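Take a look at the structure below.
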Amino acid sequence: MLGSLRSIVQQVNTARDLPSALDIIVRRVRDVMQTRVCSVYLRDKHSGNYVLMATEGLNQDAVGKVHMAPGEGLVGNVATREEPINLEHAEAHPAFQYFPATGEERFSAFLGTPIIHHRSVLGVLVVQQAERRRFDEGEEAFLVTLSAQLAGVIAHAEATGALATMGQQRNEAKFSGLAASPGIAIGRAHIVAPPANLATVPFACAMDVDAELALFQQALSAARSEIREVGERLKGELNKEERALFDAYISMLDDSSIAVEVCERIRQKLTASRAWAEVMLEHVRRFEAMSDSYFRDRAADVRDLGARVLMHLRQQEQSQRDYPNNTILIGEELTASVLADVPREKLAGLVSVKGSGNSHVAILARAMGVPAVMGAQDLPWEQVDGVDMIVDGYRGNLHLQPGSELRRHYEAIVAEERELARNLDHLAQLPGETADGHRIRLWVNTGLMADVVRSLERGAEGVGLYRTEVPFLLRDRFPSEEEQREIYREQLEAFAPRPVTMRTLDIGGDKALTYFPIEETNPFLGWRGIRVTLDHPEIFLGQVRAMMKASLGLDNLRIMLPMVTGVSEVEAARKLVDRAYDELLDEGYAIKRPPLGIMIEVPSAVYQARELSKRVDFMSVGSNDLTQYLLAVDRNNSRVASIYHSLHPAVLQALLQVVTACHETSTKVGICGELAGSPGGALLLVAMGYDVLSMNATNLPRVKAALREVNKSDLDRLLQQVLKMESPEQIEEKLQGYLQDLGIGGLMQPQQTETSSDS
Ligand code: PEP
Ligand code: MG
């Protein structure tokens with residue numbers, strides 16, 4: 001059964017469009033389960049009714065004509081109950097409804113299972129049998145499993161269909177994801193595709209057929225010489241059969257029928273890469289469907305060959321591409337490094353199918369003030385290259401091919417945003433303090449040089465977190481000590497005499513260096529942060545030496561260690577920092593010893609905050625990771641993003657515990673997670689007694705504006721009320737209401753986005 005299940009899902013996955021996907025489902029399920037009928041009903045978005053969309057066994061004329069409202073008939077009942085209905089004699093069931101058009105009087109047994117995607121019922125999958133018998137447990141379990149697996153594929157195919165109609169009729173289409181970086185981007189989609197995956201090559205039209213044909217020939221010959229070269233190099237190490245594989249690759253590339261097919265599609269105005277991917281995928285499928293296992297195994301070779309040629313095609317295409325103004329970057333999984341590829345003045349927005357608002361790329365987007373939507377799982381991203389679109393980073397919505405009314409609506413929001421920013425400009429020169437004079441240090445998080453100017457313009461009083469991994473991510477090898485010194489010097493100099501907190505390299509998790517890959521099943525629980533650098537003292541020492549050298553004559557450096565889980569790590573790291581400092585003194589650098597601090601971002605560090613605080617000069621809570629580890633919610637996973645709450649009562653208790661422990665040992669404590677940059681979160685943190693709030697430069701004026709409106713004594717009362725609450729939703733609502741009552745609800749987002757943007 002598992003084999004059939006896999007092969008059905010695989011086949012459906014490669015269908016061209018929704019109708020062919022549904023046809024495959026009904027045909028294959030009827031064969032595998034040996035039933036007389038298999039049908040799919042899908043919910044019509046406008047009427048909410050379930051419509052027969054495909055069938056094998058019922059009259060074909062009934063397709064598109066049989067409708068059932070939720071709760072109506074057996075199908076409507078499966079949908080409302082959200083569970084299977086398995087009947088020996090369907091007609092005897094009180095909900096049974098007879099539709100003469102289907103000819104279903106001939107069938108007695110009925111089994112229907114709901115197709116559910118993201119908690120919503122997309123449709124119902126039904127099998128029917130002539131004789132009176134109940135489908136057995138195994139059959140029912142098979143259909144339930146299949147429906148669960150097909151739900152995502154159907155949702156994707158539906159979305160793609162909406163897009164296809166959109167292309168023909170110039171209709172708008174809307175997709176939802178997670179609001180990851182606030183703001184509105186109005187621009188044009190530009191796909192960032194992984195270089196060599198045949199299945200994700202965007203559908204795009206060739207602008208210049210001759211140029212595409214030439215590109216194709218160049219890629220073929222580049223791949224040919226590459227394969228010959230590899231074959232030659234490995235000659236001595238391969239046996240006869242393995243050598244034959246290289247010959248087979250070459251002869252496939254020389255196979256004129258493949259080349260003719262590809263050229264034919266290019267002439268029909270497909271890009272070379274799309275044409276090549278389509279033809280090769282068809283060959284892969286042909287091999288996969290063969291009954292002989294030898295030929296089935298060859299499918300992998302064909303795929304590999306396809307990927308090689310594709311890589312050459314993509315390389316040439318990318319080198320010829322220009323980013324238009326207002327580029328909206330779209331990819332399956334955008335990473336922090338893609339941000340560096342597009343000139344900042346051309347980058348308008350970001351959209352990623354995977355990831356969430358807590359992923360590092362989203363954090364950088366917020367720091368750069370670039371609107372972003374992450375986790376847009378149903379967006380057929382491969383097909384939107386060059387499409388006009390709007391990214392609504394406040395609500396997590398994407399509007400493709402927006403009409404003039406929608407465009408005007410969003411242009412008004414952009415104007416409102418500008419106005420809000422202008423109104424906050426004057427705050428840059430004013431101190432971070434509450435209305436009754438309680439002083440709070442408002443610092444910034446940085447990583448890119450671009451952050452520096454924005455931060456200073458907005459009145460940053462220091463840097464609470466400089467993510468040193470960002471310059472590491474943007475290279476193809478570790479930067480040397482001298483290269484690092486230069487980068488760090490720029491930061492320290494730009495902010496001097498204000499303090500700059502440099503965090504030692506925090507790689508691992510979702511921050512992978514291409515030149516230092518870490519393959520792990522559970523990367524967020526694996527080799528991350530201080531664990532990596534303590535295992536590689538040469539990297540750690542080089543980095544802290546570079547930081548300290550860079551601080552020469554400025555003396556505004558603070559060093560901070562990420563992902564600390566216990567005292568032994570702090571002690572080991574301190575020894576290395578001391579050693580580096582002594583070496584530099586010996587080398588003649590007259591530098592001041594920088595304060596050493598740690599991040600509190602895992603539960604063990606919360607419980608040991610007191611012991612840890614005695615060993616360091618300052619502490620800073622990383623609420624992004626702390627939330628992830630306390631709630632056991634992967635910060636990078638869009639499926640669980642709705643239960644990732646930094647305002648969860650358990651997180652607030654942990655934050656309180658840390659501040660209390662630090663004050664007992666008179667250790668200064670700050671917070672540099674995203675919570676500090678939300679006006680509501682900042683109010684609670686000030687009430688708890690945090691000394692420093694460090695946030696992205698975009699949010700700094702909003703947080704300062706909120707704090708300057710309130711009295712510390714009122715915040716203490718607010719905190720007491722919030723600490724009694726039992727759910728994050730209640731707390732979020734309370735804070736929103738509190739800001740609104742103060743007349744500063746608009747600091748969270750422009751007022752217009754709260755009215756319907758779906759109009
Ligand atoms: C955090 O975890 O809160 C933090 C500031 O570090 P990062 O987001 O870089 O992991
Ligand atoms: Mg962290």
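Owing to the predicted nature of the structure, the values given are computational and were not obtained by experimental measurement. When a ligand or atom number is given, it counts from 1 through the structure's own listing order.
Proximity of the aromatic rings of F478 and H536 is defined here by a centroid distance below 6.0 angstrom, and this criterion is not met.
A donor-acceptor contact closer than 3.5 angstrom links the side chains of T698 and R454. Judged purely by distance below 3.5 Å, without hydrogens or angles, the side chains of S646 and S623 never pair a donor atom with an acceptor atom. Between the side chains of T533 and Q543, no donor-acceptor pair of N or O atoms lies under 3.5 Å. Judged purely by distance below 3.5 Å, without hydrogens or angles, the side chains of Y738 and Q721 never pair a donor atom with an acceptor atom.
Sorted by chain and number, the heavy-atom contacts of ligand 1 below 4.0 Å come from H360, I363, L465, R467, R503, D506, K511, R528, M599, E601, G622, S623, N624, D625, R635, C672, G673.
Ion pairing between E674 and R635 fails under the 4.0 Å rule for side-chain N and carboxylate O. Ion pairing between a basic and an acidic side chain is recognised when a charged N comes within 4.0 Å of a carboxylate O; R528 and E601 show no such pairing. Ion pairing of K575 with D578 is absent here, as no side-chain N (NZ or NE/NH1/NH2) approaches a carboxylate O to less than 4.0 Å.
By the 30° and 60° cut-offs, the orientation of the rings of Y323 relative to H190 is tilted.
With waters left out, the protein N, O or S atoms under 2.8 Å from the Mg ion (ligand 2) add up to 2.
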